[in-house]
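Values reported hereafter were calculated over all heavy atoms of this structure, with side chains retained and with hydrogens, waters and symmetry mates removed. Here is the naming used below: chain letters follow the sequence lines, and residue numbers restart at 1 for every chain. If you're wondering where the values come from, they're calculated on a predicted model, not measured in any experiment.
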Amino acid sequence: MRLSRFFLPVLKETPSDAEIISHQLMLRAGMIRQQSAGIYTWLPLGWKVLQKIEQIVREEQNRAGAVEMLMPTLQSADLWRESGRYDDYGQEMLRITDRKKRDMLYGPTNEEMITDIFRSYCRSYKDVPKLLYHIQWKFRDEIRPRFGVMRGREFLMKDTYSFDTDEAAARKSYNRMFIAYLNTFTRLGLKAVPMRADTGPIGGDLSHEFIVLAETGESEVFCHADLVEMGAPGASVDFDGDLQPLVDQRTALYAATEEMHDPAAFAAVPKHRQLSARGIEVGHIFNFGTKYSEPMKANLTHPDGQDRPVHMGSYGVGVSRLFGAIIEAHHDEKGCIWPDSVAPFDLGIINMRAGDGACDSACDGAYASLVAAGLDPLYDDTDNRAGAKFATADLIGLPYQLVVGPRGLKEGKVEVKIRRSGETHELSLEDAVARLAAKDFANG
RNA sequence: CGGGGCGUAGCGCAGCCUGGUAGCGCAUCUGGUUUGGGACCAGAGGGUCGCAAGUUCGAAUCUUGCCGCCCCGACCA
C-alpha cells in the first residue's frame with residue numbers, strides 16, 4: 001500500500017481526553033476515532049490490526065476443536081425472560097423496541113441464544129461434546145466507559161460455549177480453552193497469566209481470568225514469578241489428549257487478582273518469586289454447569305434413558321480490548337511497537353526523497369519485490385520531509401523500516417531499522433530486500 | 001450512581017475572575033527557499049465561543065436549565 005493512497009490521519013498532539021497510553025497512541029496513530037462515549041470507528045490502520053488479532057484468536061480456537069459460527073447482535077427479549085436475566089441484567093443492557101413494539105436488545109453476551117440453538121437441535125448424549133464460538137460485536141451500556149477501547153461500550157468479543165454430558169466431561173472442554181488461551185496470548189506477543197476467578201453462586205473451581213501483565217494495568221495482581229516465565233504449550237499440543245497435567249502445572253502455583261488475593265497463601269511463595277504487578281484482564285473462562293440449560297430446558301437423554309440438563313461453559317476473549325492491551329505492553333515514547341504477528345503492515349518503506357529518480361526507482365523496485373514475496377509493506381511515497389516520515393513510521397509502530405535516501409544510494413546502501421530495538425543495518429538494496437523477504441530480521 | 005472537571009477554528013490551548021464585536025501554536029491553502037529525525041519566510045482561508053432561556057445598551061465572559069465529554073470511586077471481556 002502506498003501511503004499517498006492510504007487513509008492515515010495521524011495527530012501530532014495528544015488529544016486531551018485520552019488518559020492511558022494505548023488510547024493516546026491509537027488516536028494519534030489514526031487507528032480509531034471516538035464517535036460517542038465508549039463507541040469507536042476503527043480507521044483503516046486500526047481495522048487491519050483488529051482483524052489480525054481476530055484471526056489469531058480464530059486460528060487458536062479452531063486448533064482447539066471449537067467450531068465457528070455467527071449469531072446476531074440483536075436479540076429478542078423473550079429468550080432473556082426465559083433465563084430470568086432480562087430483569088436481572090439491569091441498565092447495562094441496551095434495550096430496543098422494534099416497529100411492532102417487540103422488546104429487543106443489543107446482545108451483551110450470548111448464553112441464552114446459544115442455549116436456545118443447542119436445545120433445538122441436540123437431544124442426545126451422543127450430540128456432545130461440542131464447542132461453538134463466534135466473534136461478534138457486543139454492547140454493554142457501562143456506567144462509565146474509559147481507557148479507550150479497553151473499556152468501551154461497544155466491543156468485539158470472541159465467545160465460545162461448551163456443551164457436555166457431565167461435570168467431568170465439561171472439565172475437558174474447559175481445559176481445551178485454557179490451553180488455547182495460553183497459545184493465543186503468546187502469539188499476540190503477550191504474557192498472560194491464568195488466575196483463579198470468583199465463581200459466584202455457581203461455585204466450583206472452574207473459572208479463570210487471563211491477565212496480561214502491563215505496568216499500566218487497571219488492577220493489581222499477585223502471582224508466582226514462575227508462571228510468567230512458563231510460556232505456552234504451543235501448537236504441538238494434542239488437544240484430544242489429556243490436557244490436565246498442563247493445566248495443573250499452571251494452576252498449582254499461586255496467582256490471584258486483588259479480589260481473590262490471599263496474603264497468607266502469597267506469603268508462602270518464596271520471597272524472590274513473589275511477583276506483584278498490574279494486569280489487564282483479556283480473557284475469562286467459566287464453567288457454569290446447568291445454570292442456563294436447566295431453566296431453558298436444554299436436556300440430553302443419557303444412556304440410562306433419563307433426561308438431564310447439558311453442562312455448559314463459556315469462554316470469552318475481549319478482542320478489541322486485546323488491541324489496547326498489546327499497545328500497553330509494547331510501546332515506547334515514540335509510539336507503538338507491534339509484534340510481527342499483529343503489525344498493521346509487515347514493514348514500512350521510507351522514500352526519503354520522493355520525486356528523486358534514483359530513490360523512486362529503488363523504492364518502487366523494493367516494493368514490488370516485497371509484495372511478490374508475500375509481504376504487505378506500507379510505502380511512504382509522500383513528499384514529506386524525512387523527519388516527519390520517521391516520526392510517523394515510529395508512531396504507527398511498523399516492526400521494520402526500509403529507509404531509502406539519496407545519500408545512501410550514492411554508496412549503494414539502504415538502511416533497515418528494527419523498530420523495537422532501534423538498531424539499524426546498512427546494506428545493499430538487494431540484500432535488504434532479500435533479508436526482509438526472508439524475515440531474517442525477526443530474530444535480531 | 002456519588003465526587004471532581006471540561007466544552008472557544010481540524011488538534012492542543014489562552015481569553016471568562018474584572019461584560020465592549022475572539023486570539024496563540026500546530027494543521028490546511030498559495031508563492032518562494034529548502035530536503036537523512038516532526039523545515040523556513042511571506043501571504044490566505046477557517047469559529048452559530050456545546051444548546052436554550054435570562055440579566056444588560058451590549059454576553060465567550062454573569063445567572064438558570066439542558067446536552068455532550070473526561071477523570072476518581074463502585075461494576076465489568
Just how far, in rounded Å, is [atom2] of [N] from [atom1] of [X]?
X      : N      : atom1 : atom2 : answer
A:R419 : B:rG37 : CZ    : P     : 17 Å
A:I396 : B:rG38 : CD1   : C1'   : 14 Å
A:K410 : B:rG36 : NZ    : P     : 11 Å
A:Q401 : B:rG36 : CD    : P     : 16 Å
A:Q34  : B:rC70 : CD    : C1'   : 9 Å
A:E411 : B:rG36 : CD    : P     : 16 Å
A:D17  : B:rG12 : CG    : P     : 7 Å

Which is true for [X] with a 4.0 Å heavy-atom rule: it touches a base, it touches only sugar-phosphate, or it touches nothing?
X      : answer
A:Q91  : nothing
A:D394 : base
A:K413 : nothing

When you compare the protein's N or O atoms with those of nucleotides 75-77 of chain B, which come within less than 3.5 Å of each other, and at what distance?
from, atom 1, to, atom 2, distance (Å)
B:rC75, O2, A:R151, NH2, 3.0
B:rC75, N3, A:R151, NH2, 2.5
B:rC75, N4, A:R146, NH2, 3.2
B:rC76, O2', A:R140, NH1, 3.2
B:rA77, O3', A:E281, OE1, 3.3
B:rA77, O3', A:E281, OE2, 2.3
B:rA77, N6, A:G152, O, 2.8

Under a 4.0 Å threshold between the charged nitrogen and the carboxylate oxygen, would [Y] count as salt-bridged to [X]?
X      : Y      : answer
A:D88  : A:R85  : no
A:R146 : A:E19  : no
A:R5   : A:D381 : no

Distance between [atom1] atoms of [N] and [M] (Å, rounded):
N      : M      : atom1 : result
B:rC24 : B:rG46 : P     : 15 Å
B:rG7  : B:rG45 : C1'   : 25 Å
B:rA22 : B:rG54 : P     : 23 Å
B:rG2  : B:rG65 : P     : 15 Å
B:rC17 : B:rA77 : P     : 48 Å
B:rU55 : B:rG68 : P     : 27 Å
B:rC13 : B:rC51 : C1'   : 23 Å
B:rA60 : B:rG50 : P     : 10 Å

Residue pairs involving residues 310-322 of chain A (criterion side chain to side chain donor-acceptor pair (under 3.5 Å); sequence neighbours excluded):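 Applying side chain to side chain donor-acceptor pair (under 3.5 Å) to every pair that reaches into residues 310-322 of chain A, excluding sequence neighbours, yields A:E111-A:S314, A:S162-A:Y315.
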
On RNA chain B, nearest-nucleotide positions of A:E19 versus A:V403: which is more 5'? A:V403

Nucleotide forming a Watson-Crick or wobble pair with [N], both distances under 3.5 Å:
N      : answer
B:rC13 : B:rG23
B:rA42 : B:rU30
B:rC49 : none
B:rG37 : none
B:rG73 : B:rC1
B:rC62 : B:rG54

Among the nucleotides B:rC26, B:rC72, B:rC69, which one has an atom lying closest to any side-chain atom of A:F147?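 Among the listed nucleotides, the one closest to the side chain of A:F147 is B:rC72.
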
Could I get the full list of side-chain hydrogen bond (donor to acceptor under 3.5 Å, both in side chains) partners for [X], not counting sequence neighbours?
X      : value
A:S428 : A:D431
A:Q55  : A:R58, A:E59
A:Q401 : A:D394
A:D87  : none

Cation-pi check, A:R81 to A:Y86: give yes when NZ or CZ is under 6.0 Å from the six-membered ring centre and within 45° of the ring axis, no otherwise. yes

Check the interface with nucleotides 29-35 of chain B: list each N/O to N/O pair with the protein under 3.5 Å, or write none.
from, atom 1, to, atom 2, distance (Å)
B:rU34, O2, A:R385, NH1, 2.7
B:rU35, O2', A:R353, NE, 2.9
B:rU35, O2', A:R353, NH2, 2.8

Excluding sequence neighbours, so at least two apart, what forms side-chain contact (heavy atoms from CB on, under 4.5 Å) with A:K413?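 With sequence neighbours excluded, A:K413 shows a side-chain contact (heavy atoms from CB on, under 4.5 Å) to A:E411, A:E426, given in chain and number order.
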
When you check the phosphate oxygens OP1 and OP2 of B:rG38, does a side-chain N or O of A:K12 lie under 4.0 Å from one of them?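 Looking at the OP1 and OP2 atoms of B:rG38, neither is under 4.0 Å from any side-chain N or O of A:K12.
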
Examine B:rC71: is either OP1 or OP2 under 4.0 Å from a nitrogen or oxygen in the side chain of A:R144? Give yes or no.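 So the side-chain polar atoms of A:R144 do come within 4.0 Å of the phosphate oxygens OP1 or OP2 of B:rC71, strictly under.
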
Spell out, as yes or no, whether a donor-acceptor pair under 3.5 Å connects the side chain of A:E209 to the backbone of A:T257.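 It does not hold such a pair.
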
When rounded to the nearest 0.5 angstrom, what distance separates NZ in A:K52 from CH2 in A:W47? 14.0 Å

Calculate, to the nearest 0.5 Å, the distance between atoms CG and CG belonging to A:D380 and A:L3 respectively. 4.5 Å

Taking atom types as modelled, find out whether A:R33 and A:Q35 have a side-chain donor-acceptor pair closer than 3.5 angstrom. yes

Polar atom pairs between nucleotides 3-11 of chain B and protein, under 3.5 Å, N or O only, would you list them?
from, atom 1, to, atom 2, distance (Å)
B:rC11, O2, A:E13, OE1, 3.1

RNA chain B contacts among residues 335-351 of chain A, heavy-atom distance under 4.0 Å: none

Does A:R28 contact B:rG38 through a side-chain donor or acceptor facing the base, at a distance under 3.5 Å? yes

Can you list the residues that meet the ring pair (Phe, Tyr, Trp, His ring centres under 6.0 Å) rule with A:F345, with sequence neighbours excluded? A:F6

List the residues meeting ring pair (Phe, Tyr, Trp, His ring centres under 6.0 Å) with A:F266, not counting sequence neighbours, and say none if there are none. A:F222, A:Y254, A:H261

Does any part of the side chain of A:R95, heavy atoms only, come nearer than 4.5 Å to the side chain of A:W80, both counted from C-beta?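 Result no, sub-4.5 Å side-chain heavy-atom pair not found.
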
